[in-house]
Amino acid sequence: MSVSVNLPTVLRVHAGGTKTVEAEGATVGEALRDLEAKYPGLVGQVINDEGALHKFVNVYVNDDDVRYLSSLDTPLGPSDEISILPAVAGGAVDQSGFPGEAA
Amino acid sequence: MLQMPKRAHDVMVAHCLVGMPDEACGLLSGNPDEGRVTRCHPTGNLAASAKLYTVDPKDHLRADRAAEAEGDAIIGVFHSHTHTEAYPSPTDVNQAPDPDWHYVIVSLRDTSPMVRSYRIVGGTIEEEPVVLTDR
């Protein structure tokens, strides 16, 4: 089955600048791996060497984060849409001077 | 340079103050070519920590769609440093997701919030001026 995959700006370089690409697959993992043949380099940014989702991306089916579904095994329906966004995180934790932190 | 409407600036700083004592975070949408913010999108901090932030992925998706509906894109992220200066920490640099984004830090260390913006490309930090606009 064919689904749309929305790419974040940092991954569009692998797809000729395209925002939305089409993929075939019955699950999120199948659909993402289907993209590898068409857009080399793209999937390596999303799935790690162990075959799991990289921690620095978030993948959604429609409105839902697949980490709260079945991750890469999440099944896809005919009108489903996959979105990929960067995980955005950081903080002051490594900065010296935080009260209570050892120097 | 990062141009930001005063209203978006105020929404951002208010979200950071309300989030105390934890770090607060959110996303900025606008025109990526002009470095001009249109809107501030406060998000939840899943880390719920005074030292770390993680933008709630559901809020990120919502902000991304809202930006797109306005013909904009997410062009940056802001977060607060509750006890340190408004300068990117090694954590901020290592986890910067997009070299095209603007990284805004709101320091709440002193009585008056301090807002500064940076570009983070390949681990190199470069500060940029923040210009507040009427619209």
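Just so it is clear: chains get the letters A, B, ... in the order the sequence lines come, proteins before strands, and each one is counted from 1. Side chains included, hydrogens not; waters and symmetry mates left out as well; all remaining heavy atoms used.
With a threshold of 4.5 angstrom between heavy atoms, B:Arg62 does not approach chain A through any atom at all. Both the backbone and the side chain of A:Asp63 have a heavy atom closer than 4.5 Å to some heavy atom of chain B. Contacts of B:His60 with chain A are made by both backbone and side-chain atoms, with heavy-atom separations under 4.5 Å. Only the side chain of A:Lys19 has a heavy atom closer than 4.5 Å to any heavy atom of chain B. Heavy atoms closer than 4.5 Å to chain B are found in the side chain of A:Tyr60, but not in its backbone.
Using a 4.0 Å cut-off between a side-chain N of Lys or Arg and a carboxylate O of Asp or Glu, B:Glu127 and B:Arg116 qualify as a salt bridge. A salt bridge is defined here as a Lys NZ or Arg NE, NH1 or NH2 lying under 4.0 Å from an Asp or Glu carboxylate O, and A:Asp64 with B:Lys58 meets this definition.
Between chain B and the residues A:Asn62, A:Asp65, A:Val57, the most heavy-atom pairs under 4.5 angstrom are made by A:Asn62. Here B:Asp98 is the residue among B:Leu27, B:Ile74, B:Asp98 with the most heavy-atom pairs under 4.5 Å with chain A.
Inter-residue side-chain proximity for B:Asp92 and B:His81 is flagged as met; some heavy-atom pair is nearer than 4.5 Å.
Remark: the backbone N or O of B:Leu2 is not paired with any side-chain donor or acceptor of B:Arg36 at under 3.5 angstrom.
Side-chain contact annotation: B:Asp72 with B:Asn31, donor-acceptor N/O pair under 3.5 Å absent.
Checked options B:His41, B:Glu70, B:Glu68; the residue passing with B:Ser29 is B:His41 (criterion: side chain to side chain donor-acceptor pair (under 3.5 Å)).
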